Amino acid sequence: MYVYMFFVTISCSGINLAMSKIISEQIAYNQENSIKTAIKKGIFYSLIMGLLAFIILFFSSPFICENWLHGKISPISLKIISISLPFISVSNCINGYFSARRNVKKTAICQVIEQIFKICFICFLLNVLVPSTIEDTCIYIVLGNTLSEILSFVFLLLFYYLDINKIRSKFDRNNNFSKQIFRITFPIAFTSYIRSGLSTLKQILIPIRLEKSGISCEHALSEYGAINGMVMPLILFPCNFISSFSSLLIPEFSYLNAKKDKSKINFAILKILKFSFIFSFLIMGIFWCFSNELSNIIYPKSELSIFVKILSPLIILMYIDNIVDSILKGLDKQVSVMGVNILDLFISISFIYFLLPVKGINGYFIVLFISEFFNGFISFFILLKETDVKIDFLNWILKPCIS
């Protein structure tokens with residue numbers, strides 16, 4: 001999945017943010033006649049990048065499986081999942097359009113449809129065809145994933161055509177958005193490739209360096225899989241409430257930034273951070289106090305409760321960083337955000353390489369805390385520097401902490 005996500009990054013190449021920002025600015029400037037032209041250019045760009053990512057992953061999958069994935073699976077899984085890349089790319093572009101138009105209901109419906117059908121497809125394949133090997137299981141899972149992505153794209157495309165036809169203006173052929181799209185996407189794409197490549201390297205490196213601590217490859221993959229595949233999704237699940245509105249902050253702050261309305265920007269940031277800190281401390285408290293109960297209900301007999309308790313303080317850092325990054329992107333500081341993320345990955349990889357052979361799985365926990373603290377602190381510092389917002393210790397830290 002980390003290899004797949006690297007190629008998703010290539011296929012999307014910052015088009016969601018570009019469409020969200022460009023169309024939000026056109027709305028702010030009362031230039032609705034230019035929206036059709038902008039989205040047409042965006043779809044063309046995303047289709048080219050999606051096809052490029054598909055071709056590269058499809059034909060390089062034998063090399064990747066042999067050299068990166070310990071030879072544990074055949075290339076078939078990567079070849080199947082690569083088919084979804086062009087659909088994901090164009091969907092990303094259309095999602096940016098809906099975000100800018102403040103019409104995220106259609107995007108949300110498509111995401112729910114995608115998840116429901118993904119579960120149905122995968123359960124059907126696993127129960128009816130009954131895989132006999134891990135290889136078969138992987139194939140059925142990625143096939144269900146690919147089918148659900150395509151189905152979600154079909155629904156999203158239908159919603160898009162119904163919505164775009166409401167804009168009565170014709171294509172504005174005099175307004176060329178290609179330069180604007182490249183101006184936004186190129187630095188994002190370039191830094192995203194570096195970030196995603198480093199992230200993939202980091203995930204591949206972790207079990208390899210865990211082996212150096214004296215445990216077997218199977219044990220290393222098992223422990224790492226338990227943390228990243230079971231514990232992290234559990235503590236990140238409530239972050240969906242944060243993510244659901246953090247993506248909406250990008251067009252909102254793009255609009256306010258285009259209007260140069262600093263007072264509204266500062267007011268919005270203070271409100272958003274206040275409620276984000278309250279929510280984050282609340283969720284952290286729940287996971288800290290009820291780690292045993294939650295682990296036993298969701299993962300019976302897995303003995304993961306200690307991992308949940310150890311990682312629960314990360315919730316505050318991860319949730320707030322999610323919000324701050326979205327605000328910075330809306331304020332046209334997306335390159336700074338990516339720069340921080342890349343630097344964070346360099347530091348994480350360095351610690352993984354030297355610390356994991358010595359400390360084992362405990363070293364991975366140390367790396368997670370160092371990474372999240374560094375990323376969150378620097379991003380927060382950039383936000384304070386770019387705005388007139390002052391730290392509200394009482395409402396952001398003291399009150400949530402006491403509660």
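The residues of the chain are indexed from 1 along the displayed sequence. This structure is a prediction, so every number in the text was calculated from the model and none was measured. All values below were derived from every heavy atom in this structure, side-chain atoms included, with hydrogens, water molecules and symmetry-related copies excluded.
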Practice task
List the steps and the verdict of side-chain contact (heavy atoms from CB on, under 4.5 Å) for L201 and L345.
Solution key: CA-CA 10 Å; L201 172 64; L345 282 165; over 6 Å; no
Fill in the blank from the handout: Partner of D325 under side chain to side chain contact (heavy atoms under 4.5 Å, CB included), picked from I327, D321, I323, is D321
Exercise for the section: Can you sort out the partners of F87 under ring pair (Phe, Tyr, Trp, His ring centres under 6.0 Å), two or more places apart, ordered by chain and number? Expected result: F153
Problem - From CG (L198) to CG (D344), nearest 0.5 Å - result: 10.0 Å
Completion exercise
Interatomic distance, CG@L317 vs CD@E372, rounded to 0.5 Å, equals 6.5 Å
Exercise for the section: Determine which pairs satisfy salt bridge (Lys or Arg N to Asp or Glu O under 4.0 Å) with at least one residue from residues 106-128, sequence neighbours left out, and list them in order. Expected result: E114-K118
Fill in the blank from the handout: In terms of heavy-atom contacts, N322 and C239 come closest through ND2-SG, 3.7 Å
Fill in the blank from the handout: For S89 and I15, the nearest pair of non-hydrogen atoms, with its separation, is O-CG2, 4.1 Å
Problem - Student check: side-chain heavy atoms of S276 and Y319 closer than 4.5 Å - result: no
Exercise for the section: Report yes if the side chains of Y97 and I164 come closer than 4.5 Å at any heavy-atom pair, otherwise no. Expected result: yes
Handout entry: With sequence neighbours excluded, residues passing side-chain contact (heavy atoms from CB on, under 4.5 Å) with C12
Key = V8, I88, N92
Handout entry: Non-hydrogen side-chain atoms of L143 and I81 separated by less than 4.5 Å
Key = no
Practice task
Would you indicate whether the side-chain heavy atoms of L304 and L234 approach each other to under 4.5 Å?
Solution key: no
Practice task
Would you indicate whether the side-chain heavy atoms of I39 and C93 approach each other to under 4.5 Å?
Solution key: yes
Handout entry: CZ/F381: more than 12 non-hydrogen atoms of other groups inside 6.0 Å
Key = no
Practice task
Please tell me if the side chains of I306 and I310 come closer than 4.5 Å, counting only heavy atoms from C-beta onward.
Solution key: yes
Completion exercise
When every non-hydrogen atom of M49 is compared with those of I10, the smallest separation belongs to CE-O, 3.6 Å
Problem - All ring pair (Phe, Tyr, Trp, His ring centres under 6.0 Å) counterparts of F6, not counting sequence neighbours - result: none
Handout entry: Stepwise side chain to side chain donor-acceptor pair (under 3.5 Å) test for Y140 and N145
Key = CA-CA 9 Å; Y140 296 159; N145 186 85; over 6 Å; no
Practice task
List the steps, then state whether side-chain contact (heavy atoms from CB on, under 4.5 Å) holds for I269 with L273.
Solution key: CA-CA 6 Å; I269 291 171; L273 288 177; 3.7 Å; yes
Practice task
List for me each residue that meets ring pair (Phe, Tyr, Trp, His ring centres under 6.0 Å) alongside F58, sequence neighbours excluded, and say none if there are none.
Solution key: F54
Handout entry: Spacing of OG belonging to S61 relative to NZ belonging to K79, to within rounding of 0.5 Å
Key = 4.5 Å
Problem - Any donor-acceptor N/O pair, N266 side chain to S263 backbone, under 3.5 Å - result: no
Fill in the blank from the handout: Applying ring pair (Phe, Tyr, Trp, His ring centres under 6.0 Å) to F287 and not counting sequence neighbours gives none
Exercise for the section: Evaluate the criterion side-chain contact (heavy atoms from CB on, under 4.5 Å) for residue pair E252 and K264; output intermediate values, then yes/no. Expected result: CA-CA 11 Å; E252 199 63 41; K264 280 192 178 179; over 6 Å; no
Exercise for the section: Could you tell me whether Y353 atom OH has more than 12 heavy atoms of other residues or ligands within 6.0 Å of it? Expected result: no
Handout entry: Side-chain (S46) to main-chain (I43) donor-acceptor, under 3.5 angstrom
Key = yes
Practice task
Mind telling me whether F380 and F277 have parallel, tilted or perpendicular rings, with 30° and 60° as the class edges?
Solution key: perpendicular
Problem - Test side-chain contact (heavy atoms from CB on, under 4.5 Å) applied to F155 and I109, step by step - result: CA-CA 9 Å; F155 276 94; I109 290 168; over 6 Å; no
Handout entry: Exercise: identify the closest heavy-atom pair between D136 and P131
Key = CB-CB, 3.5 Å
Practice task
Kindly indicate whether the side chain of S74, heavy atoms from C-beta on, has any atom under 4.5 Å from the side chain of E135.
Solution key: yes
Problem - Close side-chain approach of L356 and V367, heavy atoms under 4.5 Å - result: yes
Exercise for the section: Would you kindly check if the NZ (Lys) or CZ (Arg) of K274 is within the cone defined by 45 degrees around the ring axis of W396 and under 6.0 Å from the six-membered ring centre? Expected result: no
Exercise for the section: Might you confirm whether atom CZ of F365 has over 12 heavy atoms from other residues, nucleotides or ligands at distances under 6.0 Å? Expected result: yes
Exercise for the section: Compare every heavy atom of S305 with every heavy atom of S295, then report the nearest pair and how far apart it is. Expected result: OG-CA, 3.2 Å
Handout entry: More than 12 heavy atoms from other groups under 6.0 Å of CD1 on I134
Key = no
Problem - Test item: D163 side-chain N/O and F159 main-chain N/O as donor-acceptor pair under 3.5 Å - result: no
Handout entry: Pairwise distance CD1(I56) to CG(L51) - rounded to 0.5 angstrom
Key = 11.0 Å
Exercise for the section: Mark yes when over 12 heavy atoms from residues, nucleotides or ligands other than K309 sit less than 6.0 Å from its NZ; otherwise mark no. Expected result: yes
Problem - Nearest-0.5 Å distance that lies between atom CD in Q115 and atom CD1 in I113 - result: 11.5 Å
Fill in the blank from the handout: For G144 and I122 the tightest heavy-atom approach is CA-CG1, 3.9 Å
Exercise for the section: Go through the side-chain N and O atoms of D392 and N395 and say whether any donor and acceptor fall under 3.5 Å apart. Expected result: yes
Exercise for the section: Look at the side chain of N296 and the backbone N and O of N292, then say whether any donor-acceptor pair between them is shorter than 3.5 Å. Expected result: yes
Fill in the blank from the handout: CD of E386 to CG of L331, rounded to nearest 0.5 Å, is 8.0 Å
Practice task
Look at the rings of F121 and F117 and say which category their plane angle falls in: under 30° parallel, 30 to 60° tilted, over 60° perpendicular.
Solution key: tilted
